Amino acid sequence: METKKINDFPNDFLWGSSSASFQCEGASREDGKGLSVMDVRKIDPSICDFSVASDHYHRYKEDIALMKEMGLKAYRFSIAWTRIFPEGNGQVNEKGVAFYNDLIDELIKADITPIVTIYHFDYPLGLVKQYGGWLDRRSIDDYVNYAEFLFKTYGDRVKYWLTINEQDHVVHMPFRLGFECEDRKEAEKLGYLANHHMCVAAAKAIGKCHEIVKGGKIGPATCYTMFYPTTNSPADMLACMDANEIRNLYHLDMNIKGEYSPVFRRYLEDRDMMPEVYEGDMEVMKENRPDFLAFNYYYSESVSANPCDENHPIGDIGFKLLPSREAGIYQVVKNENLKATLWGWEIDDIGLQCSARQLWDRYHLPLLITENGFGNKEVWPEEGILEDDDRIDYLSKHLHQIKEAMNLGVEFIGYCSWSFMDLISGHSGFSKRYGFVYVNRDEHDLKDLARRKKKSFYWYKDTIAENGKNI
Ligand code: BG6
C-alpha cells in the first residue's frame, strides 16, 4: 500500500552478498578435498566444470579486500562439506579446516559478519557410495556430525548459520542427490524421502547449534517463488494457493512448525509418495525451531488451473527439471505484465514484498534475504568499466520492496545479493554472471582470472555507506 511516510533501513541492517563453495572456490581436487555430487555432475561440454570456478580458494584475501573496500557488512558463503570430511564422514581433512579458519578470520579482520551455509548443493559423493546419501536415514547422523563439527570449530566467530540451501530445489533434482532416474514419478518419491531426512537432520542441527554456539542463530535458506493466479477466475486462485503449498511451504512447515501441512500430506498420499515417519521425527522438528527464515528470491510465476483429464490423471507430472505443471493442480503460464532475463526468469520486485509478507504472516520469524540477483551475459569493454545498469536497477528496486515490507511491520535481518563476484551459475556456466566484481575468464579460457569492479560495485558501496537512503 502507499503510505505517507517510509521508514529508513535500521542501522544494524546487514548489507551483504553471497556465494557458494563449489561455484566460486575451484581447487576442487586440492589439499585433500573429496568429491561432491557437483564435481562429478554430467555437464554439457559447452559449459565449464567446477574445477577452477572463480579461483576464490587461492584468491580469497584479494576478494575479501574488495568486500572491505565496498564496505560490505556481511558475507554469506558455504562450507564445502568434502573439504572438511572428504568422504562425508570419518577422517577430518585439516587443510580444509584451516582454509575456512583463515577465511573467517580474514572476514572478521575486515569487519564483515560471516553467514555460513552448512550445505549448498555439494553433497559428498562418499556418502552416496556408502549408503545412497539422503535416501538413507544414516544421512541424518552424518549431516548432524558434520554440522556439530562446524559449530565447535567456527562457532566462536560465526553466529549466523544456514542449515540447507534450497532444499526445495534439491529434492526435485536427482543429480544433486547423487542418483539418476528417468522415471519422474519415482524420482519425486525418492526426493520426498530425502526431504524428510533433511528436515529431521536440519532440526537436529538447530538443536546442536543452540547448544554449542553462544549467541548463535540458525535457520533454513529456501528458494521462494511468488505465485499469482493468471486470471481472476476462482479456479486459478485455487491453483495458485496449491502451487504455493506444494512448491514453497511444504518443507517450511516441517522446518518451522514441525508438521506436514494437511494439503501436502494429502498430495503425497494421493501419489503414494508419503515417506515413512519414524517415532520422534516430528517431535524433533517441533522442538528445534529456527531463529530466522532465510530465502532466495529471483522471480515470480503466474499459474492457472490444470484440470485432470483422461490422458493426464492425478500424478501426471509435466516437467523435467524444476516443477512447472501438475495435472489436477496448476500450470505455470507466462506473465504478460513482466519482463524477463535472458533465461526467462520474470523480473518482479513487487513479488519480493509479497513473498516477505506471506512468509512473515505464516511464520512470524525475522527474514534474511540470502540470494537475489540479476544474471546476465557480460563482456568487459575495451575502455572504461562494465556498466551493469540493468543489475543496479534490479537490485535497487528489490531493495526498495524490502524497505516497503519493513515499513509495514515485516522484520528483516539483512539482504545478501547474489553474488559478490562472478561465479559459475548453477546451470549455465560462466556465461551467466551475477557479480559486482567481474572475474576475467570465459567458459573454457581461464585468462588471468583478474578481478574488476563493475559499475554496480560502486553503486552498492554508496548504498551501504548511506544505509540505503538512496533506495
Ligand atoms: C539459487 C542457488 O538457486 O540460484 C545458487 O542457490 C544459484 O546456487 C542461483 O547459482 C542462481 O541460479 P543460476 O542457475 O542462475 O546460477
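Along the sequence shown, residues are numbered consecutively beginning with 1. Quantities reported herein were computed from a predicted structural model and do not represent experimental measurements. Atoms within a ligand are numbered from 1 in the order they appear, just like the ligands themselves.
Every atom of ligand 1 with a heavy atom of Asn296 under 4.0 Å away is listed here by number and element: 6 (O). Of all atoms in ligand 1, listed by their number and element, those nearer than 4.0 Å to a heavy atom of Asn165 are 6 (O). Close approach of ligand 1 to Gln23 (heavy-atom distance below 4.0 Å) involves ligand atoms 5 (C), 7 (C), 8 (O), 10 (O). When each atom of ligand 1 is checked for a heavy atom of Tyr434 under 4.0 Å away, the hits are 11 (C), 12 (O), 13 (P), 15 (O). Those atoms of ligand 1 with a heavy atom of Glu166 less than 4.0 angstrom away are 1 (C), 2 (C), 3 (O), 6 (O). Distances below 4.0 Å separate heavy atoms of His120 from the following atoms of ligand 1: 2 (C), 5 (C), 6 (O), 8 (O).
Using cut-offs of 30° and 60° for the angle between ring planes, the Tyr434 and Tyr298 rings count as perpendicular. Aromatic ring orientation, Phe22 versus Phe121: tilted (interplanar angle from 30° to 60°). In this pair, Tyr394 and His398 present their aromatic rings parallel. The plane angle is below 30°, not in the 30 to 60° band.
Annotation for Asp49 and Ile424: closest pair O-CD1, 3.2 Å, computed over non-hydrogen atoms.
Taking the six-membered ring wherever Trp is involved, the centroid distance between the rings of Phe149 and Phe85 falls below 6.0 Å.
With a 4.0 Å heavy-atom cut-off, ligand 1 is reached by the backbone of His427 and by its side chain too. Both the backbone and the side chain of Ser425 come within 4.0 Å of ligand 1, counting heavy atoms alone.
For the residues Trp345, Trp343, Tyr298, Tyr297, the heavy atom positioned nearest atom 12 (O) of ligand 1 is part of Trp345. Nearest to atom 16 (O) of ligand 1 by heavy-atom distance, out of Gly429, Gly373, Gly426, is Gly426.
We find that Lys397 and Asp393 are joined by a salt bridge, their nearest charged nitrogen and carboxylate oxygen being less than 4.0 Å apart. Ion pairing between Lys33 and Glu25 fails under the 4.0 Å rule for side-chain N and carboxylate O.
Closest protein heavy atom to atom 4 (O) of ligand 1: Glu371 OE1, 3.3 Å.
Ligand 1 has no N or O atom lying under 3.5 Å from any N or O atom of His169, backbone or side chain.
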- Message: Determine whether Tyr363 and Asp253 satisfy the following criterion, side chain to side chain donor-acceptor pair (under 3.5 Å), listing intermediate values before the conclusion.
- Response: CA-CA 9 Å; Tyr363 301 115; Asp253 272 15; 2.5 Å; yes
